[in-house]
Amino acid sequence: MLDPQLIRTQLDDLTQKLFLRGFILDHARLAELEARRKQIQVETEQLQSERNKRSKAIGQAKAKGEDVTPLLETVAQLGEQLKASEMALEDIQTQLNDILLGIPNLPHDTVPIGRTGDDNVEVRRIGTPKEFAFPPLDHVDLGAKLGQLDFETAAKIAGARFTLIRGPLARLHRALTQFMLDLHTQEHGYTEVYVPYLVNADSLLGTGQLPKFAEDLFHIPLQNYYLIPTAEVPITNIVRDLIWKTEDLPAKFVAHTPCFRSEAGSYGKDTRGMIRQHQFEKVEMVQWVKPEDSYTALEELTAHAETVLQRLELPYRVVSLCTGDLGFASAKTYDLEVWLPGQQHYREISSCSNFEAFQARRLKARYRDPNTKKPNLLHTLNGSGLAVGRTLVAIMENYQDEGGRIFIPPVLQNYLGGRTHIQ
RNA sequence: GGAGAGAUGGCCGAGAGGCUGAAGGCACUCCCCUGCUAAGGGAGGAUGGGCUGUAGAGGCUCAUCGAGGGUUCGAAUCCCUCUCUCUCCGCCA
């Protein structure tokens, strides 16, 4: 959520910045609602003040043993008036709040301006795609050849967009999460957390998935739980409604969780293979930091994710998302895209974002500023480190040989009991 | 699932219709005292919002005692619903 002050004081500027990311703000309606809000709120508070004064007087008169009936008469219609005013205020505040909750974050000044993914800017490219002496297969064919990747059985058990992995490949998949967690906890200073995979609506509201993106989520209506679409939700909500100890900043947490996404609206997109699934594993890094540190933190967080790719010796590039491609809550995002020989394309494998105070405002996530001694909103960040399923895909495709064997990257071999390849 | 108890400021903990935005304590900030530390004395201080403004100085004001409704001129305090926590029994990985 944006600072409501911006709507009062810098509506034009705001409208313009939001336009850059493709969001049309209903400027006139907002201005009108805001004017009415101001009038009604002042009115309501005056009435409340009046009521408080008179009630206090009644109490004092009563204490002295005086007759209070004349005083009671003077308050008689005040109650009705107040009730009507309060209802009007509540109504308008609900309207304003609904609008506010639907407004995306403002892009940071360093975010490239553009409309679609084609306008994203490549920041750097690390590693060189391997030249294969044969036409490299994609992971689906490789998995079928190995007999270890089975989409048909998964479809029977659950439906489309699910995967069944067998044997050594399943172990490799598990090894990847262990490797990633070990790296981030042992070398990057993150605290591992185990979190709920089902969350309530408040948590999703806090991180920004609700109310706008309900159709992307799996919802369990009976108990009113939602399956998490990313560990960002449970981890970031650790700070909800808290004043975090300033000496415990920056806070850095990492978790491995499954992620569940309905993928509504992506029909026909990435239908082949395990690139886009209803259920996938991810190792997620989350930080909350002082506002002045958040852009340094974004660079560090991105580097932490990159380290995974570097250790796995996978070629990748870093892309700065343009204003039009930015996620709803993000002020700035770097995507890491790994090279997939089977597709001859770089594909997103991690997304690292700085949300500034956008989530923190919804979450009431604060710290005490040592200078002012006042609570202040934190900045939150997160990034995948990495998406495990896609990492498995990347390893299969980049480490295949002509016979369809998959070599295991050296850093992973210990996690697989010394195994050097899968066949 | 059954029976009971509870939820109050950064933390602990009183309060049981009006003078309580909330005693007391801890932690915190400032001052005094002390050779240093410890101890002691004094002062301050919740959070969020609105209006005004010499616009992070001030002034006025509203809301908030788990959440949401209700009763009342007036609710932390009474009533209803919900959530969560704890204890005992049952069940279970």
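The basis for the numbers below is simple: all heavy atoms, side chains too, and nothing from hydrogens, waters or symmetry mates. Below, chain A is the first sequence line, B the second, and so on; all start at residue 1. Small disclaimer: the values here were computed from a predicted structure and weren't measured.
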Say you pick atom C1' in B/rC28 and the same atom in B/rC11; how far apart are they, in whole Å? 11 Å
Under 3.5 Å, is there a donor-acceptor pair between the A/E50 and A/Q46 side chains? no
Confirm from the modelled atom types if A/K62 and B/rG18 form a donor-acceptor pair under 3.5 Å, side chain to base only. yes
What protein N or O atoms touch nucleotides 45-47 of chain B N or O atoms at under 3.5 angstrom, if any, and at what distances?
from, atom 1, to, atom 2, distance (Å)
B/rU47, OP1, A/R368, NH1, 3.0
B/rU47, OP2, A/K374, NZ, 3.4
B/rU47, O3', A/R366, NH1, 3.0

Consider only side-chain N and O atoms of A/E397 and A/Q343, and report whether a donor and an acceptor are under 3.5 Å apart. no
From A/S351 atom OG to A/N382 atom CG, the distance as rounded to the nearest 0.5 Å: 8.0 Å
Think A/R51 has a side-chain N or O under 4.0 angstrom from the OP1 or OP2 of B/rA63? yes
Interatomic distance at C1', B/rG17 relative to B/rA76, whole Å: 11 Å
Could you work out, with ring pair (Phe, Tyr, Trp, His ring centres under 6.0 Å) as the rule, every residue matching A/F162, not counting sequence neighbours? A/H278
Nearest-angstrom distance, C1' atom, B/rC36 to B/rA27: 24 Å
Rounded to whole Å, please give me the gap between CZ in A/R240 and C1' in B/rA67. 12 Å
If the C1' atom of B/rA14 is compared with that of B/rA22, how far apart are they to the nearest Å? 10 Å
Provide a list of protein-nucleic acid N or O atom pairs under 3.5 angstrom, restricted to nucleotides 52-61 of chain B.
from, atom 1, to, atom 2, distance (Å)
B/rU61, O3', A/S49, OG, 3.3

SB check A/E34 A/R37 (cutoff 4.0 Å): yes
